[in-house]
There are 2 protein chains.
Amino acid sequence: MGNQIRLGIVGYGNIGRGVQAAVKKNSDVALSYVFTRRAPESVNVNDASIKVLSIDEIENYTNEIDVLILCGGSATDLPEQGPAYAKLFNTIDSFDTHARIPEYFESVDASAKPNNKTSIISVGWDPGLFSLNRLMGEVVVPDGATYTFWGKGLSQGHSDAIRRVQGVKAGVQYTIPIEEAVQRVRNAENPELSTREKHLRECWVVAEEGADLAEIETAIKTMPNYFADYDTTVNFISEEELKANHSTMPHGGFVIRSGQSSDNTNHVVEYSIKLDSNPEFTSSVIVAYARAAYRMNQEGLYGAKTVFDVAPGYLSPKSAAELRKELL
Amino acid sequence: MGNQIRLGIVGYGNIGRGVQAAVKKNSDVALSYVFTRRAPESVNVNDASIKVLSIDEIENYTNEIDVLILCGGSATDLPEQGPAYAKLFNTIDSFDTHARIPEYFESVDASAKPNNKTSIISVGWDPGLFSLNRLMGEVVVPDGATYTFWGKGLSQGHSDAIRRVQGVKAGVQYTIPIEEAVQRVRNAENPELSTREKHLRECWVVAEEGADLAEIETAIKTMPNYFADYDTTVNFISEEELKANHSTMPHGGFVIRSGQSSDNTNHVVEYSIKLDSNPEFTSSVIVAYARAAYRMNQEGLYGAKTVFDVAPGYLSPKSAAELRKELL
């Protein structure tokens with residue numbers, strides 16, 4: 001297609017590979033460039049039509065790319081890359097350190113706006129689609145409460161935390177919403193729920209040979225911020241079992257809004273997702289927002305944006321008239 | 001509040017009363033005027049601060065009202081009122097004849113745009129929130145199928161159809177999604193479902209004295225468009241039972257998107273609502289979009305709009321910075 005939106009990727013990890021998969025499901029976008037900090041020849045994208053280039057060359061490609069997708073992490077990559085590349089490209093990222101979003105937004109906005117670029121930050125499902133549903137829930141049921149549950153799903157951050165425990169060779173952690181809490185929320189009880197009452201944490205751990213298992217279990221269960229406030233189970237398994245049973249990245253969750261429009265008149269609104277692959281779904285959301293970034297930029301809507309700033313119609317390849325006819 | 005958005009209502013039926021209730025839950029909006037085709041003194045709004053006026057006076061109030069909410073029906077009221085009042089006011093309506101939305105949009109747009117007014121049409125939950133979720137579902141899972149289920153809920157159109165049957169004194173109809181079909185969709189089976197496989201229709205009928213019940217039942221069950229394509233049950237009850245058990249207007253439903261991002265990698269996205277009062281919830285959605293219409297008009301976004309054209313941030317009384325901090 002001559003009019004495809006030309007995407008580029010920075011960083012070829014789980015999200016980068018997910019974007020590559022998502023592009024195949026969206027005929028109006030094309031992926032031609034992957035930029036990497038690694039030696040380009042060491043990165044195999046399994047597609048001869050995609051050029052793998054050193055990140056140092058990226059400034060030479062401003063005319064070849066309509067939207068650059070930043071696939072790095074929120075801890076160290078994006079705080080640098082976001083503001084740096086928003087000067088040169090329209091960008092999308094999935095910055096997900098909730099507490100630091102306001103400052104990140106400002107730093108990207110300061111780069112994008114004076115350069116007539118459009119950057120949509122914090123795209124994915126949380127932040128992203130779940131954020132949208134938190135907003136929609138409170139505007140349509142203003143007198144009520146919002147609940148977000150995550151899982152059952154593999155949490156990357158908590159899996160990393162397990163792997164830092166002495167004596168742990170490998171491991172993964174699943175976040176599991178507690179069914180009773182979900183049911184109480186669905187029943188419009190508007191319960192006050194403690195951290196422990198909302199989610200369980202389930203760990204599958206491969207220990208180093210000769211490690212003290214009881215010590216590992218205690219270290220995990222008492223770890224502040226990550227596990228101490230939750231009911232946590234620790235299961236020791238072999239490396240083979242880990243590989244066989246715990247190597248995919250399913251996830252999911254719920255956003256539930258419950259409240260009343262007048263006395264004794266209750267409403268419950270629920271958004272839920274069940275994903276076989278967290279990174280592939282996240283990347284699919286990212287590609288839809290890349291389309292929006294390109295179109296908003298064409299219309300002169302410059303600067304940093306979030307999902308709250310994007311009219312839903314921009315996300316679809318269909319025209320506004322088609323959307324009204326087919327989907328309204 | 002000095003800066004409240006000033007709303008007016010045309011037509012004081014279920015939706016008009018719902019808007020009145022919703023205004024009480026949204027401190028940034030105020031309702032001061034109700035316009036009616038009835039004799040104003042015959043309409044009791046139970047609130048001395050609201051003036052009830054004849055619709056014939058409405059042109060004198062263009063400076064008193066920021067957004068006019070059109071609460072009439074889609075069959076005859078809105079096709080006239082929409083284009084007529086979009087010349088004079090920012091408007092919101094819940095036009096819900098899906099097949100006629102494109103032409104209605106054009107007629108409202110032709111009035112609103114040259115007069116620098118903003119009119120958001122077809123607001124509510126279907127069309128409205130369900131439409132949004134149909135769009136979001138197909139953009140985040142482009143290779144998949146979308147299913148909309150309605151109910152369990154009272155359908156006004158089907159209840160009206162029952163009441164037109166000879167020998168029927170009163171009656172209501174509930175649309176009920178078939179649980180097995182919903183489960184198959186949730187299980188990512190992407191089934192092909194006939195009309196009959198998706199919903200049941202349950203009728204509660206009060207017959208005129210001496211009417212032939214078997215004849216009524218046959219007339220309902222074989223009625224084309226409304227009942228013939230469904231498994232329909234007809235229950236005869238007394239007028240007292242109808243009043244006691246079937247006088248509220250609950251409703252609800254589901255929009256489910258299911259598909260895959262790559263081979264054998266499935267995702268299921270579901271939006272569901274469970275409402276004690278269909279008109280109160282619809283009206284609450286309308287008030288949120290009235291806020292958006294006012295702000296979009298302030299920013300020069302004129303013409304007819306749909307939910308697809310409204311960036312979610314416009315719906316909330318919170319600032320963009322607050323939304324990023326609290327909800328993203």
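Keep in mind that the numbers below use all heavy atoms, side chains included, and drop hydrogens, waters and symmetry copies. A note on names: the letters A, B, ... follow the listed sequences, proteins ahead of strands, and every chain is numbered from 1.
- Residue A:Leu132 touches chain B through its side chain alone, counting heavy-atom pairs closer than 4.5 Å.
- For a residue to count as touching a neighbouring chain, one of its non-hydrogen atoms must lie under 4.5 Å from one of that chain's; by this rule B:Ile256 does not touch chain A.
- Contact of A:Ala21 with chain B is made through backbone and side chain together, with heavy-atom distances under 4.5 Å.
- Taking A:Val285, A:Ile121, A:Leu315, A:Val255 one by one and counting their heavy-atom pairs under 4.5 Å with chain B, the maximum is reached by A:Leu315.
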Which donor-acceptor pairs lie under 3.5 Å between chain B and chain A?
residue  : atom : partner  : partner atom : Å
B:Lys25  : NZ   : A:Asp143 : OD2          : 2.6
B:Ser131 : OG   : A:Leu328 : O            : 2.6
B:Arg134 : NE   : A:Leu327 : O            : 3.1
B:Arg134 : NH2  : A:Leu327 : O            : 3.3
B:Arg134 : NH2  : A:Leu328 : O            : 3.1
B:Glu138 : OE2  : A:Lys318 : NZ           : 2.8
B:Val140 : O    : A:Ser284 : OG           : 2.6
B:Asp143 : OD2  : A:Lys25  : NZ           : 2.6
B:Ser261 : OG   : A:Glu280 : OE1          : 2.5
B:Ser262 : OG   : A:Glu280 : OE1          : 2.8
B:Ser262 : OG   : A:Glu280 : OE2          : 3.1
B:Asn266 : N    : A:Asp276 : OD2          : 2.8
B:Asn266 : O    : A:Asp276 : N            : 2.9
B:Val268 : N    : A:Lys274 : O            : 2.9
B:Val268 : O    : A:Lys274 : N            : 2.8
B:Glu270 : N    : A:Ser272 : O            : 2.7
B:Glu270 : O    : A:Ser272 : N            : 2.8
B:Ser272 : N    : A:Glu270 : O            : 2.8
B:Ser272 : O    : A:Glu270 : N            : 2.8
B:Lys274 : N    : A:Val268 : O            : 2.8
B:Lys274 : O    : A:Val268 : N            : 2.9
B:Asp276 : N    : A:Asn266 : O            : 2.9
B:Asp276 : OD2  : A:Asn266 : N            : 2.8
B:Glu280 : OE1  : A:Ser261 : OG           : 2.5
B:Glu280 : OE1  : A:Ser262 : OG           : 2.8
B:Glu280 : OE2  : A:Ser262 : OG           : 3.1
B:Ser284 : OG   : A:Val140 : O            : 2.6
B:Phe308 : O    : A:Gly313 : N            : 2.8
B:Gly313 : N    : A:Phe308 : O            : 2.8
B:Lys318 : NZ   : A:Glu138 : OE2          : 2.8
B:Leu327 : O    : A:Arg134 : NE           : 3.1
B:Leu327 : O    : A:Arg134 : NH2          : 3.4
B:Leu328 : O    : A:Ser131 : OG           : 2.6
B:Leu328 : O    : A:Arg134 : NH2          : 3.1

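- Residues A:Phe308 and B:Leu323 share a closest heavy-atom pair of CE1-O, 3.5 Å.
- Among A:Val269, A:Val141, A:Ile286, the residue making the largest number of heavy-atom pairs under 4.5 Å with chain B is A:Val269.
- For chain B, the option among A:Leu135, A:Val287, A:Ile101 with the highest count of heavy-atom pairs below 4.5 Å is A:Leu135.
- Contacts of B:Phe105 with chain A are made by side-chain atoms alone, with heavy-atom separations under 4.5 Å and no backbone atom involved.
- For the atom pair CZ (A:Phe95) and CG (B:Leu328), the distance works out to 10.5 Å, reported to the nearest 0.5 Å.
- Contacts with chain B were tallied for A:Val310, A:Ile273, A:Val268, A:Val307; A:Val268 has the most, counting heavy-atom pairs under 4.5 Å.
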